[in-house]
Amino acid sequence: MRKKSDRITALYADPRGEIFDAPFVAAARIGSNIVRLQPSDLIPLPDSADLMFLPERPAVAFDRNNQLITLDGNAVSALLPAGFTRTHLPASDPNHRANQPLPLFGYTAVALYKDQIHVAAIQTDELNKWNPLNYNSSLRRRIKRVKQSLPNNRLVDHLAHCSLEWHCLTAQNLFYHRWEAGLPTSPTCNAKCLGCISLQQSECCPSPQSRINFKPTVEEITDVAVYHLRDAPDAIISFGQGCEGEPSLAADRIAPSIKKIRSITPRGMININTNAGFVDGLKSIVDAGLDSMRVSMISARPQSYDCYYRSNYSLDDVKRSIGYALERRVNVSINLLYLPGFNDRSDEVDAWLEFLSEYPIAMIQMRNLNIDPDYFLGTMPQSDNPALGTKKFLSALKNKFPQLNIGSFSHYKK
């Protein structure tokens, strides 16, 4: 029986997308630094992960003299399912400049190891409810049933479109009548994020989905929420989805909706995914009876934060919103937009440690930042501070804050 090779070899793709392995050591990136992949960096390619090649980006590898060489083909990347956090980016020829930024996906380094494709990643949460195998079946029949139960509800129509067109899992959960279901409400936003997946400026890359184009009424929001919360298992309804802007800008509709929902049923959790920049709006939503709040953040340093969000509010506003929610016993987590070689830089880590000392949040949810790494790193503030690496970054957080939960999803709490 042939012994499986313990050598970590590079992968590359031809113009048709067919993938080959090369007799050289696989390379990957942490930020802009190209490094050799080690066995401890790798896990087998997860089920439901996707492989893709990176056009106009020649693959690279290390030869037997440890010299970086360019391969005759494109770099290969994996797109990971939720619950997995990448530790390395795909490497390509640093001297070759592509004409267009990559689409907004979370690109992860891959290699061949022990005759099996591996990825540079760690698992940060259990798939369970978010395994893609649990979705995308019998949807049209289920959508028809919910539309019969909630006729003439524009939110139901919108979520049906998201389920079928964008394969959104939180949208689909409404029709499966289980777990966390999304309730998009706001077509407007108070930020212009570099990696916004529903609305992009013309100079960047196209968004992978469209944004909601109407304002649901209190009645539409309430009817969908009560339908889900009243008897779905581990029921959560979440304002703030990828197909909308900032939900707190719809506080004039969300706050009265929450009050009305809670007048009908005490069951389940009401959550908001937010940038937390509109303090007054969030205060009214918290006071209405919000259970949990997940705040999108890329950095606890004002320079980095401002450069990414390009917002009409400040990081201090975000902190005020988080402090207000914590004082009122709302369960607060941070949705950490993560890119190896940026968030794990020593200056960024120091800022996170200071932030977490002041704001004792319950959880960090790791989210692979969907963006072209070169576009992102070329836009964000430059720094000479070294990167710790993903594993050391997470260890630094846990060592100082043992009670902090590191995961990837909002968890149901009774």
Side-chain angles (χ1 to χ4, degrees), residues 4-13 19-54 57-62 66 68-69 71 73-94 102 105-125 127 336-345 348-349 364 366-374 376-377 386-397 406-408:
K4 292 183 178 180
S5 174
D6 288 339
R7 193 177 184 192
I8 301 173
T9 53
L11 298 175
Y12 66 95
I19 296 174
F20 303 90
D21 63 303
F24 303 106
V25 177
R29 284 172 55 184
I30 299 177
S32 298
N33 295 325
I34 299 180
V35 299
R36 295 166 61 108
L37 283 171
Q38 305 296 325
S40 59
D41 298 325
L42 300 172
I43 62 173
L45 182 74
D47 293 338
S48 73
D50 294 318
L51 293 175
M52 62 166 46
F53 73 88
L54 308 184
R57 290 157 178 83
V60 292
F62 289 96
N66 202 33
L68 192 68
I69 59 173
L71 304 179
N74 291 299
V76 178
S77 171
L79 307 183
L80 301 175
F84 290 88
T85 299
R86 64 186 171 188
T87 60
H88 295 68
L89 306 165
S92 60
D93 186 342
L102 292 167
F105 295 114
Y107 302 98
T108 304
V110 298
L112 190 69
Y113 177 53
K114 295 186 175 180
D115 295 343
Q116 182 181 357
I117 295 178
H118 281 61
V119 295
I122 56 176
Q123 186 167 357
T124 41
D125 216 326
L127 285 177
L336 178 55
L337 307 177
Y338 188 75
L339 189 135
F342 174 75
N343 315 74
D344 55 335
R345 286 187 337 215
E348 295 287 333
V349 176
I364 295 281
M366 300 296 290
R367 191 76 60 214
N368 295 315
L369 179 62
N370 292 337
I371 201 167
D372 183 324
D374 289 322
F376 174 80
L377 294 170
L388 301 184
T390 303
K391 294 179 182 179
K392 289 183 178 179
F393 166 58
L394 296 180
S395 294
L397 299 184
I406 305 291
S408 298

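A donor-acceptor pair under 3.5 Å links the side-chain atoms of Asp372 to the main chain of Leu102, judged by distance alone. In this structure a side-chain-to-backbone donor-acceptor pair under 3.5 Å is present from Asn368 to Phe84. Asp41 places no side-chain N or O within donor-acceptor distance of the main-chain N or O of Pro39, the cut-off being under 3.5 Å. The backbone N or O of Glu348 sits nowhere less than 3.5 Å from a side-chain atom of Asn343 that would complete a donor-acceptor pair. Side chain of Arg345 to backbone of Leu388: no donor-acceptor contact under 3.5 angstrom is found. Distance alone, capped at 3.5 Å, places no donor-acceptor pair between the Ser77 side chain and the Ala109 backbone. With hydrogens and angles ignored, the 3.5 Å screen pairs no side-chain donor or acceptor of Asn74 with any backbone N or O of Pro58.
Atom CG of residue Asp374 and atom CD1 of residue Ile371 lie 11.0 Å apart, to the nearest 0.5 angstrom. Remark: Tyr113 OH to Asp6 CG distance equals 5.0 Å, nearest 0.5 Å. Taking CD1 of Ile364 as the reference point, atom OG of Ser408 lies at 11.5 Å (rounded to 0.5 Å). Remark: Leu112 CG to Ile117 CD1 distance equals 7.0 Å, nearest 0.5 Å. Note that the CG atom of Leu54 and the CZ atom of Phe105 stand 11.5 Å from one another [nearest 0.5 Å].
Across Phe24 and Phe62, no two heavy atoms sit closer than the pair CB-O, 3.5 Å. Between Ile34 and Ala27, the shortest heavy-atom contact is CG2-CB, 3.9 Å. Nearest heavy atoms, Leu71 versus Ala10: CD1-CB, 4.1 Å. Of all the heavy atoms in Ala111 and Ile8, the pair that sits closest is CB-CG2, 3.7 Å. Taking each heavy atom of Gly341 and Ala387 in turn, the nearest pair found is CA-CB, 4.0 Å. Closest approach of Leu80 and Val119 over heavy atoms only: CD2-CG2, 4.0 Å.
With sequence neighbours excluded, the residues that form a ring pair (Phe, Tyr, Trp, His ring centres under 6.0 Å) with Tyr338 are Phe393. Legend: residues meeting ring pair (Phe, Tyr, Trp, His ring centres under 6.0 Å) with Tyr107, ordered by chain and number and at least two apart, are absent.
Within 6.0 Å of atom CG in Asn66, more than 12 heavy atoms from other residues, nucleotides or ligands are found, so the atom counts as buried in its surroundings.
Counting only heavy atoms from C-beta outward, the side chains of Val35 and Arg29 never approach each other to under 4.5 Å. With a 4.5 Å cut-off on side-chain heavy atoms, Met366 and Ile122 do not count as touching. Contact of the Leu45 side chain with the Leu51 side chain is registered, since non-hydrogen atoms from C-beta on lie closer than 4.5 Å. Put simply, the side chain of Lys392 does not reach to within 4.5 Å of the side chain of Asp344, judged on heavy atoms.
Applying the side-chain hydrogen bond (donor to acceptor under 3.5 Å, both in side chains) test to pairs two or more places apart or on separate chains, those with a residue in residues 85-94 are Thr70-Asp93, Thr85-Thr124.
Taking a cutoff of 4.0 Å between a charged side-chain nitrogen and a carboxylate oxygen, Asp21 and Arg7 do not qualify as a salt bridge.
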